[in-house]
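To start, the structure under review is shown below, and the notes come after it.
Any value given below was found using the heavy atoms of this structure, including those in side chains, with hydrogens, waters and symmetry copies removed.
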Amino acid sequence: MRPVAKSGAEVESLRTALAEARAESGRLADRLQASERQLMAWRALVSARRTALDEDDPVLGAAFEDLWSLTTELEEANAALGREMAERRAELAAIDAALRDSEERVRLAHRYAGAGSWDWEIARHAVVWSDEYRELLGICPDAPASYEAWLASVLPDDRSAAERAIRAVLDLHRPEFDVEYRVRHPQRGTLWLSCRGRMQRDPEGRPWRLTGLCIDITARKRAEQALRDANENLRREVEREVAAREATQARVTQTLKLEALGQLTGGVAHDFNNLLAVVTAGTSLLARTEDPARREKLIGSITQAASRGADLTRRLLTFARRQALRPEPIATGPWLADLGALLSRSLRADIAVTVDAPEDVWPVLADPSEMELALTNLGLNAQDAMPRGGELRIAVRNARLDDPEDPDALRGDFLRIEVRDTGMGMPEDVLARAFEPFFSTKPGSGTGLGLAQVYGFARQSGGAARLASRTGHGTCVTLLLPRAATAPAAEAQPPPHAAPAEARPLRVLVVEDDEAVAGLVLDMMRHLGHAAFRATGPTDALAKLESGIEIDLVFTDVLMPGGMDGLDLAHALRQAHPDLPVLLTSGYGGAPARVAEAGLPLLRKPYSMAALGDALAAAAPA
């Protein structure tokens with residue numbers, strides 16, 4: 001664009017100089033012709049008088065001699081003027097040649113750039129198009145140039161945009177005219193043109209003249225469209241590829257799920273068969289012995305097997321993220337210090353336990369019991385990995401995560417808890433499967449649910465669990481747990497030597513659909529001194545309450561068949577009997593979000609008589 005603009009300015013300057021030179025040359029030519037006519041008249045007059053005066057009057061003859069000399073000087077002046085005229089004509093010819101050369105260069109520049117110039121004198125409605133511009137519009141050279149003809153050449157879809165651009169420079173006083181539009185060329189088809197110009201105004205600010213250039217940008221537009229088409233084709237191809245990969249990944253995931261389900265079923269069946277064998281054999285022997293010591297030992301074995309079964313179920317639910325967690329703010333530093341002291345007493349004496357928790361560490365938002373179970377599992381795994389002793393180090397640091405490529409998509413404030421040991425470490429194939437359920441490197445002594453529980457707890461808490469290990473260099477398990485928004489409340493300490501308060505008798509409505517479980521629960525409550533009444537389900541419980549039965553508390557299972565479950569019953573009781581407390585119990589936790597949303601106390605199955613008594617006392621009205 002710049003070379004074309006410069007040539008245009010040069011042409012305009014040369015045209016101005018040429019016009020001035022032509023005017024000056026005209027004036028000189030007129031003067032020369034007048035001088036020559038006057039000189040010829042003087043010469044004839046002087047010649048005629050000179051002959052006569054030489055004979056009659058010598059004085060007049062001398063005067064005429066002087067006049068003759070003046071005539072000669074005039075002839076010389078006319079000769080000089082003639083030479084000046086020749087120089088002017090030569091200069092005029094040079095300017096004219098330069099003008100023709102510049103105009104040719106401008107035409108060549110326009111032709112090779114696909115550009116054409118136009119000029120619109122607005123006051124006179126006079127429009128001038130260059131031949132190149134006519135070629136771009138596909139208009140024959142003889143057709144008159146006008147604003148209406150230009151507008152008619154623009155395709156109808158682009159005509160309104162072209163008119164708005166014109167109105168912007170005419171009415172809105174914008175100095176520059178800039179618009180892109182399409183025209184239908186009779187031979188070349190549809191062309192894209194880019195038109196740019198500058199508005200000139202008269203001293204009163206009225207639009208006077210609009211001049212500019214128009215460039216053929218069809219090749220660029222076609223390239224842009226081709227690029228858009230290529231991008232669209234690429235996008236569709238990527239979408240097809242992603243869909244194919246997702247389908248393949250879904251099939252692989254389903255295969256892995258089936259494989260994991262097979263492992264899970266086999267592992268659970270194996271462990272529960274062992275536990276049920278202890279319970280079955282223990283109850284059979286218990287019925288056949290009268291020895292108090294023997295009965296006590298059998299009862300202890302059965303109780304231990306039941307406790308192991310409950311712990312196994314709890315780990316399974318945590319791994320499956322079906323356990324109803326009850327997160328609360330925890331003072332991370334003091335809590336880890338207490339846990340470190342507990343682990344120091346529980347692990348072998350040749351294992352040193354250290355806790356590194358700065359004073360400014362944030363509180364963590366987690367379920368305290370599940371967090372204790374997770375870190376205890378990590379401590380027991382570390383002990384097995386250090387048969388000759390070593391060091392178990394628990395370190396916690398504040399962490400602000402803002403990496404968009406975080407593998408677990410975690411963003412925000414977290415607590416980074418690292419549990420590091422100096423044990424044997426893991427090879428890469430074991431490390432890749434460490435979080436799988438029932439995958440254990442301790443055949444015969446491990447359930448393979450320790451790290452699975454840790455992983456499930458971290459993910460269900462809104463964080464992540466990561467594992468790093470190398471053979472011979474120990475293992476480091478990192479837990480990322482969310483920061484608590486509020487500080488933990490100070491725990492009320494009971495007064496020293498205070499005797500536990502006796503539980504007052506309660507009237508309890510037990511809602512349980514299983515006959516065997518209901519019978520055991522009613523017997524335990526009677527042993528605890530409470531009056532217990534049974535309802536077979538939520539509908540039966542509501543009917544008993546409507547009949548006028550007086551109770552102090554409702555103890556209901558969460559999952560029950562029929563149209564209502566324990567949570568639905570609790571909501572109905574909250575509407576009809578808002579002052580009646582409800583205690584939930586469940587061994588499945590299949591709706592942890594609903595349980596947490598209800599905000600009701602929950603006693604997890606299986607439970608002991610002591611645990612039942614404590615839960616009833618805590619839930620009873622004051």
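The neighbour count for Arg534 CZ, taken as heavy atoms of other residues, nucleotides or ligands under 6.0 Å away, is above 12. More than 12 heavy atoms of other residues, nucleotides or ligands sit less than 6.0 Å from atom CD of Glu232. Annotation for Arg388: atom CZ does not count as buried by contact number, only 12 or fewer foreign heavy atoms lying within 6.0 Å. Heavy-atom contacts from other residues, nucleotides or ligands closer than 6.0 Å to NZ of Lys297 number 12 or fewer. More than 12 heavy-atom neighbours from other residues, nucleotides or ligands sit within 6.0 angstrom of CD on Glu239. Summarising the local packing, NE2 of His527 is surrounded by 12 or fewer heavy atoms from other residues, nucleotides or ligands at distances under 6.0 Å. Under a cut-off of 6.0 angstrom, the local environment of CZ in Arg220 is crowded, with over 12 non-hydrogen atoms contributed by other residues, nucleotides or ligands.
Inter-residue side-chain proximity for Val353 and Glu391 is flagged as unmet; no heavy-atom pair is nearer than 4.5 Å. Between Leu583 and Leu616 the shortest side-chain heavy-atom distance falls below 4.5 Å. Residues Leu481 and Phe457 are in side-chain contact: their nearest non-hydrogen atoms beyond the backbone lie under 4.5 Å apart. Taking the side chain as every heavy atom from C-beta outward, Thr475 and Arg420 never approach each other to under 4.5 Å. Residues Leu336 and Leu375 are in side-chain contact: their nearest non-hydrogen atoms beyond the backbone lie under 4.5 Å apart. At a threshold of 4.5 Å between non-hydrogen side-chain atoms, the residues Leu542 and Leu573 count as touching. Here the side chains of Leu365 and Phe414 are not in contact, with every heavy-atom distance at 4.5 Å or above. In this structure, Arg466 and Val477 have side chains that are not in contact, with every pair of non-hydrogen atoms separated by 4.5 Å or more.
The two residues Ala535 and Asp540 have their closest heavy-atom pair at CA-OD2, 3.4 Å. Scanning all heavy atoms of the two residues, the minimum distance from Pro334 to Ala331 falls at CD-O, 3.4 Å. In terms of heavy-atom proximity, Leu347 sits nearest to Gly379 at CD2-O, 3.9 Å. Among all heavy-atom pairs drawn from Ala541 and Val511, the shortest one is CB-CG2, 3.8 Å. Closest approach of Asp384 and Met424 over heavy atoms only: O-CE, 4.2 Å. For the residue pair Pro581 and Asp579, the shortest heavy atom distance occurs at CD-O, 3.3 Å.
When atom types are taken as modelled, the side chain of Asp568 and the backbone of Asp565 share a donor-acceptor pair closer than 3.5 angstrom. Side chain of Gln383 to main chain of Arg348: a donor-acceptor pair is present (N/O by atom type, distance under 3.5 Å, no hydrogens or angles). Side chain of Thr332 to backbone of Val364: a donor-acceptor contact under 3.5 angstrom is found. Side-chain atoms of Arg459 never come within 3.5 Å of backbone atoms of Val454 as a donor-acceptor pair (strictly under, hydrogens ignored). A donor-acceptor contact shorter than 3.5 Å is absent between the side chain of His530 and the backbone of Met525. Looking only at distances, a side-chain donor or acceptor of Ser469 sits under 3.5 Å from a matching main-chain atom of Gly474.
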Applying salt bridge (charged side-chain N to carboxylate O under 4.0 Å, His left out), run through Glu428 and Arg470 and close with a yes or a no. CA-CA 8 Å; Glu428 290 186 4; Arg470 198 159 50 125; over 6 Å; no

Criterion side chain to side chain donor-acceptor pair (under 3.5 Å) on Arg236 and Asn233, from CA distance to verdict: CA-CA 5 Å; Arg236 288 195 293 266; Asn233 293 335; 2.3 Å; yes

Does the side chain to side chain contact (heavy atoms under 4.5 Å, CB included) test come out yes or no for Asp403 and Leu410, once each step is laid out? CA-CA 8 Å; Asp403 186 359; Leu410 299 181; over 6 Å; no

What do the steps show when you test Phe555 against Thr585 for side chain to side chain contact (heavy atoms under 4.5 Å, CB included), and what is the final call? CA-CA 7 Å; Phe555 181 61; Thr585 181; 3.7 Å; yes

Begin from the C-alpha positions of Val582 and Leu553 and carry the test side chain to side chain contact (heavy atoms under 4.5 Å, CB included) through to its verdict. CA-CA 6 Å; Val582 177; Leu553 183 142; over 6 Å; no

Stepwise side chain to side chain contact (heavy atoms under 4.5 Å, CB included) test for Thr354 and Leu392: CA-CA 6 Å; Thr354 59; Leu392 175 65; over 6 Å; no

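Screening Leu520, Val521, Asp513 for a side-chain contact (heavy atoms from CB on, under 4.5 Å) with Val517, the sole residue that qualifies is Val521. The side-chain contact (heavy atoms from CB on, under 4.5 Å) test with Thr422 singles out one residue from His473, Arg393, Met386, and that residue is Met386.
The pair Arg400-Asp413 meets the salt-bridge criterion, with a side-chain N (NZ, NE, NH1 or NH2) lying under 4.0 Å from an Asp/Glu carboxylate O.
One finds the CG atom of Leu522 at 10.0 Å from the CZ atom of Phe533 (value rounded to the nearest 0.5 Å). With rounding to the nearest 0.5 angstrom, the NE2 atom of His577 is 14.0 Å from the CZ atom of Arg574. The distance from atom CG of Leu343 to atom CD1 of Ile394, rounded to the nearest 0.5 Å, is 5.5 Å. For the atom pair CZ of Arg397 and CZ of Arg416, the computed distance is 10.5 Å after rounding to the nearest 0.5 Å. With rounding to the nearest 0.5 Å, the separation of CG in Asp552 from CZ in Arg507 is 4.5 Å. How far CE of Met560 is from CG of Asp557: 5.5 Å, rounded to the nearest 0.5 Å.
Gln225 and Arg222 are not linked by any side-chain donor-acceptor pair at a separation below 3.5 angstrom, with hydrogens and angles left out of the test.
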